[in-house]
There are 2 protein chains.
Amino acid sequence: MTQTSTPTDSGTTAPQALSPQDMVCFSLYSAVHAMSQAYRPHLEKLGLTYPQYLVMSALWAAEAPPTVGMLSRQLQLESSTLTPLLKRLETMGLLTRRRDAEDERQVRIALTGEGQQMHGRSAHIAGCIAEQSGMSVEELLTLRDQVSRLRDNLRKG
Amino acid sequence: MTQTSTPTDSGTTAPQALSPQDMVCFSLYSAVHAMSQAYRPHLEKLGLTYPQYLVMSALWAAEAPPTVGMLSRQLQLESSTLTPLLKRLETMGLLTRRRDAEDERQVRIALTGEGQQMHGRSAHIAGCIAEQSGMSVEELLTLRDQVSRLRDNLRKG
DNA sequence: GAAATATATATCGTGCACGATTTAATCGAC
DNA sequence: GTCGATTAAATCGTGCACGATATATATTTC
């Protein structure tokens with residue numbers, strides 16, 4: 001099927017054909033989809049999508065209400081992605097969006113009581129996923145660091 | 001900011017707040033975006049998006065024209081994702097979509113000459129990305145296998 | 001302090017990506 | 001051979017995700 005190990009190639013035909021299965025990028029791409037699927041049943045109970053959950057996680061971990069720009073830098077998402085997503089979370093009653101009095105260009109995102117409360121209801125999820133991953137905590141941490149390093153290098157380049 | 005190592009928590013407040021940066025899922029999520037950005041300048045010259053490039057890669061590596069279902073299983077994408085994507089590639093003149101004579105439910109995807117030819121023009125890209133990753137080939141292969149294992153485990157669970 | 005510049009969000013258009021549903025063809029039971 | 005069940009694509013609606021652009025506030029220059 002993928003014929004990586006069958007060099008039948010003899011010049012006239014195409015360059016060695018790397019199938020998606022051979023590529024690092026595809027492993028990441030498909031792993032993200034699998035991850036999103038794994039989260040889905042848990043997040044459905046909270047009424048969240050995976051990207052919404054990431055934003056909520058950032059807010060739960062923040063010491064003070066961040067601006068849209070801070071979230072944008074932390075999550076590496078454009079304002080054109082975040083703005084509508086944040087509006088949806090606002091409509092759900094999980095957060096508020098308020099222009100900063102000091103700098104009216106910025107918008108501060110603050111959790112509501114309901115948004116804060118959801119943290120407790122989400123606390124078990126990470127553990128479930130970790131278990132489902134079939135990898136040890138050590139392996140997962142190593143993998144996380146390797147993947148983060150790859151990401152940072154790609155950004156710099 | 002993320003306060004992973006500052007256990008100021010004392011019961012009344014939220015459970016330990018895992019920030020996105022601490023999570024394996026986020027490292028994968030952000031790495032995929034970074035990867036897509038890294039591919040962008042190369043793929044722009046071909047007029048392809050990253051998912052379109054994946055489909056083309058699958059076709060370049062295939063021995064015979066696969067069906068939509070085969071591509072769906074290989075790339076783990078729904079027909080609702082593939083069908084419009086394939087239609088765009090067809091419009092670009094890179095492939096043809098033809099119902100199988102043996103089984104009229106299936107649609108066979110075949111490269112056109114132009115689509116076949118693009119393989120050569122894309123051959124250098126993987127190497128550029130590998131270089132940009134700042135990781136050795138060995139490291140990349142190990143990472144690929146680890147990430148693939150994680151993905152497969154998540155799917156099974 | 002007015003004009004030029006820079007920064008922070010928001011808006012718009014396009015293309016994934018999925019779940020749910022639909023349509024159409026094949027297969028099975030009888 | 002016909003009816004019911006299964007399978008393969010396609011369609012529909014929603015929500016990311018981005019680049020390009022717009023808008024509005026802040027900063028800098030003069």
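Quick note on labels: first sequence line is chain A, next is B, and so on, each numbered from 1. Quick note: numbers below take in every heavy atom, side chains included, and nothing from hydrogens, waters or symmetry partners.
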Select base, sugar-phosphate, or nothing to describe what [X] touches, counting heavy atoms under 4.0 Å on all strands.
| X | value |
| --- | --- |
| A:Glu102 | sugar-phosphate |
| A:Arg73 | nothing |
| B:Thr67 | sugar-phosphate |
| B:Leu85 | sugar-phosphate |
| A:Thr49 | sugar-phosphate |
| B:Leu77 | sugar-phosphate |

Run the side-chain hydrogen bond (donor to acceptor under 3.5 Å, both in side chains) check on A:Arg151 and A:Gln76 step by step: do they pass? CA-CA 11 Å; A:Arg151 173 200 62 205; A:Gln76 292 292 316; over 6 Å; no
Over how many whole Å does the gap from [X] atom [atom1] to [N] atom [atom2] extend?
| X | N | atom1 | atom2 | result |
| --- | --- | --- | --- | --- |
| B:Glu78 | C:dC18 | CD | P | 6 Å |
| B:Arg108 | D:dA8 | CZ | C1' | 12 Å |
| A:Lys87 | D:dT14 | NZ | P | 17 Å |
| B:Tyr50 | D:dG19 | OH | P | 16 Å |
| A:Met70 | C:dT9 | CE | C1' | 15 Å |
| A:Asp103 | C:dA8 | CG | C1' | 7 Å |

Donor-acceptor pair under 3.5 Å: do we get one between A:Arg105's side chain and the base of C:dT9?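 Between C:dT9 and A:Arg105, which were checked side chain against base, a qualifying N/O pair under 3.5 Å is absent.
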Can a donor-acceptor pair under 3.5 Å be found between the side-chain atoms of A:Ser79 and the base atoms of C:dA10? yes
Cationic N near anionic O, under 4.0 Å, A:Glu104 to A:Arg99: no
Would you please say whether a donor-acceptor pair under 3.5 Å links the side chains of B:Gln146 and A:Glu139? no
OP1 or OP2 of D:dA26 sitting under 4.0 Å from any side-chain N/O of A:Gln106? no
